[in-house]
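To keep things clear, I will list the structure first and then write my remarks on it.
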Amino acid sequence: MSSETFDFEAFKRAASSVEVAGKMGGMPVIRVDETELFRAASFLKERQRYTMLLEITAVDWLTSPKPPSTRFETLYLFRHEDFARTVALKVAVHDPEQGVDSLTPLFLSADWLEREVYDQYGIVFKNHPCLKRILNHLQFEGYPLRKDYPIDRRHLCTETQDMMDELGPLIETEGYDLANDNLMVLNLGPSHPASHGTIRTIVALDGERIVAGASEIGYLHRGFEKSCETHTYNQIIPYTDRLNYCSALMNNIAFAKTVEEMLDIQLPDRAIFIRVVLAELSRIIDHLVCLAAGLLDMGAQTNYWYLFNPRNDAYDFLSKLTGARLTNSFMRIGGMTHDLYEGWREDLDDVLKKVRQGIDETLRMVAKNRIFNERVQEISPVSAEDAVSWGFTGPNLRASGVPYDLRFADPYYYYDTFDFDMVVGSVGDTHDRMMVRFEEMLQSIRIIEQAVERMPQGPVNVDDRAVTLPPKEEVYNTIEGTMNQFKLIFEGVKVPAGEYYGAFEAANGELGFYIVSDGSGTPYKVKVRAPSFLHMQAYPKIIVDYQVADAIMTLGSLNIIAGEMDR
Amino acid sequence: MDLTTQKLLEQNMLGDSVITTRIDAVIDWGRQSSLWPFVFGTACCAIEFMATAASRYDIARFGAEVLRFSPRHADLLVVAGTVSMKQAPILKQIYDQMPEPRWVISMGACASSGGFYDNYTTLQGIDEIVPVDVYIAGCPPRPEALLDAVVEIQKMLWKEPALKPRRPDFKGILDEQ
Ligand code: SF4
């Protein structure tokens, strides 16, 4: 991402105590004093048009070989409204209990992002409207991502919170009185047929209309980020499978790509084209599940079969290739486990044919269907401005009419040379969110067809003994081969010290990995920028004024995947 | 045999329309092909459950297709996916709401043992909370493995008395000790 036009001088005039702290890839990193954070952020937003707060996280430098002056630092990523530029702000936190200013008045997305940092690191955000744990349960003690928190210390949870501390004030701001206005409080989830995994939403109803809603997440928090700190880079790949498990390969690719960028290695072309094919196929199967389940929620069961069957065919292809249907773990840092098998092309063609047929049959049943359209049109629209402020990315953002797709904005893997269209909606309602996905699958098929045509012969792994395993012949017959294998397996791929943010256009939106390396084979810190997390944050707000049955459809159309959201 | 029955038999009045059997056998015969599952689907394994329910694998062939979304209607609990500490009380509540007799399948590595999530948030196997009848290995298990587990339960229920509560003595970490 280019940084040319970042106006640092103007920025300096607005906030005096700033300094350029370096770069993360092409992204400028600016250090701001605690006291200036709010001013700096509002200057970035209002004057420089960095309208999207992409991510907030923190780093605990306790065990770092070269710690900075304070133990904790918070990090903010802002994206410009042209979507081409990103800037990082860094704040040294002198006292986590005193904390730093909350950015909630500026960005809608800040709320949950800050709560997560508080939950995981115990850093307080001043003036935050509702600073409480979000991923971990309320009986949890300590802050798990702090370096002195042992990874396997568990706390028993015996009860579930009633959420009225969040819902109550919301009801009041809507001008209702819970006791006297005959409102009904309805709990949905976390184990609810329409909650798609484990998400809990509690709503207050006036008749059938939702007056206020609040969501609780974290039921599928599996400690991905902490686990990363105890595994080598290649060992993390299976964990990435289980982020968005509907398109596991895509997470593999996104993670491997980020690490490869840190290592500054260039993949052979064949590997790149294979990755493009598999990533787009993953996008297709992800959208298939989203739409199949979404339509099922509405009672349109036939479509579930029509869309799930081609997905099963795609699984057959993937299990032939990778050995697993769902959790493929096929990528490695520097390439992938092995090349495509003989006869893959026919299999893939067949899968695509069936996918097209499934889409076709489904669209014929729903596209002009009055029941379908009335159920989804004008339901929970999200304006373009709100979508950006919520930090929406991917199909949900494009449905709101914002033409942003990393494959266009910051093309990687030759995406700029493929002939395909960006799919953009107009009003951002449930209908648009679903239809964008239908159309995106067709675009992905186009990309796959071109990539298959253009796929060159050659190796699928970089030829670098510091990164990829030597061929088995060498391992068994030469001492260097044995040593290489041994070192790579036990110590992992050594990634140069530093920090980096890598982003990938995944099925649900911008899947980013912020990685801090201390130079060893195990990351010092990994933070996932999970699109579902930010989409979910908007959910209890956008369902207000609609009915419960609409809210179910809206949840399906946002495609919240708990594994990715809760990590 | 009392007098009336003997008379009836002698006169062949019942014909072949009566069979005698044990009540257990009748009930079990009925139960085995009408298990009603409640799917506590939390994570990736639940996606494979969806595949098992869809037309290719078709769990209906084993009589277990009537998925219930209320635990009060179900007699087979399928825990498909990772259960976190935060989720444990909910799992217990669901199990408690199921009427007897009830069976539990633990689908996948996570539900069975925490899988590769040996960390601060993950329950190390659902058998700390509820009694498990069949464990399925795999991450995720293939649909065939899930079908196999259903068959396992069908075999199991023949061996148990039909009218007694199952596992009355089980105590999990969330039960009062
Ligand atoms: S066993 Fe594997 S596939 Fe199943 S929920 Fe756990 S991680 Fe996911």
Side-chain angles (χ1 to χ4, degrees), chain A residues 135-140 142 144 149-160 189-194 196-198 200 216 218-224 226-227 230-231 238-239 241-242 245-246 248 289 292-293 296 304-305 308-309 311-313 315-316 319 324-327 562-563 566, chain B residues 38-48 50-58 67-71 77 79-94 97 108-110 114-124 128-129 138-144 173-176:
Chain A
L135 295 179
N136 294 297
H137 55 84
L138 296 185
Q139 285 157 293
F140 200 90
Y149 189 95
I151 185 168
D152 54 358
R153 185 188 291 161
R154 284 177 273 274
H155 298 275
L156 204 60
C157 172
T158 53
E159 58 195 24
T160 306
S191 177
H192 185 275
H196 291 221
T198 45
R200 178 173 176 220
E216 188 193 10
Y219 285 101
L220 195 56
H221 180 48
R222 301 192 270 195
F224 173 84
K226 187 88 174 173
S227 300
T230 56
H231 290 76
Y239 283 97
D241 272 341
R242 287 141 181 93
Y245 33 73
C246 291
V289 168
L296 182 65
Y304 175 69
W305 316 128
F308 219 91
N309 282 349
R311 188 184 149 95
N312 242 326
D313 295 311
Y315 274 172
D316 286 346
S319 52
R325 283 162 54 86
L326 195 74
T327 43
D566 292 340
Chain B
F38 176 95
V39 186
F40 190 65
T42 63
C44 353
C45 278
I47 305 289
E48 279 302 63
M50 282 167 77
T52 319
S55 42
R56 168 90 62 93
Y57 294 97
D58 196 6
L67 303 186
R68 293 288 93 186
F69 295 120
S70 164
L77 175 63
V79 181
T82 323
V83 177
S84 63
M85 298 308 265
K86 188 171 181 171
Q87 197 138 215
I90 289 153
L91 174 63
K92 177 174 153 48
Q93 190 180 358
I94 286 172
Q97 285 175 348
C110 284
F116 69 174
Y117 295 103
D118 183 4
N119 57 29
Y120 62 93
T121 147
T122 312
L123 185 72
Q124 301 298 294
E128 295 189 10
I129 308 290
C139 182
R142 287 185 62 93
E144 292 90 337
I173 52 172
L174 290 182
D175 292 297
E176 273 159 36

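Reminder, nothing fancy here: chain letters follow the sequence lines and each chain counts from 1. The shown structure was predicted, so the numbers you read here are calculated from the model rather than taken from an experiment.
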Would you compute the distance between atom CD of B:Q87 and atom OG1 of A:T198 and round it to the nearest 0.5 angstrom?
5.0 Å
Closer than 3.5 angstrom, by distance alone: can the side chain of A:H137 be matched with the main-chain N or O of A:H155 as a donor-acceptor pair?
yes
Nearest 0.5 Å please: distance from the CZ atom of B:R68 over to the CG atom of B:L77.
15.0 Å
Which atoms of B:F116 approach chain A - backbone, side chain, both or neither, heavy atom under 4.5 Å
both
Checking A:Y239 against chain B: side chain, backbone, both or neither under 4.5 Å from a heavy atom?
both
Option that, when pairs with chain A are counted at under 4.5 Å, heavy atom only, ranks first among B:L123, B:T82, B:V39:
B:T82
Please classify the contact of A:L138 with chain B as side chain, backbone, both or neither, using a heavy-atom distance under 4.5 Å.
neither
Has A:Q139 got a side-chain atom pairing as donor or acceptor with A:C157's backbone, closer than 3.5 angstrom?
no
Where on A:F308 is there a heavy atom nearer than 4.5 Å to chain B: the side chain, the backbone, both, or neither?
side chain
Less than 4.5 Å apart, side chain to side chain, heavy atoms only: is that true for A:H221 and B:S84?
no
With chain A, the option among B:V83, B:T121, B:I90 that has the most non-hydrogen atom pairs under 4.5 Å is B:T121
Contacting region of B:A51 [heavy-atom separation from chain A under 4.5 Å]:
both
Please look at B:Q93 and chain A and tell me whether the side chain, the backbone, both or neither of the residue comes under 4.5 angstrom of a heavy atom of that chain.
neither
Can you say whether B:I94 sits under 4.5 Å from chain A via the side chain, the backbone, both, or neither, judging by heavy atoms?
side chain
Specify which of A:P150, A:A248, A:A292, A:P238 makes the most heavy-atom pairs with chain B at under 4.5 Å.
A:P238
Tell me, side chain or backbone of A:R325 under 4.5 Å from chain B's heavy atoms, or both, or neither?
side chain
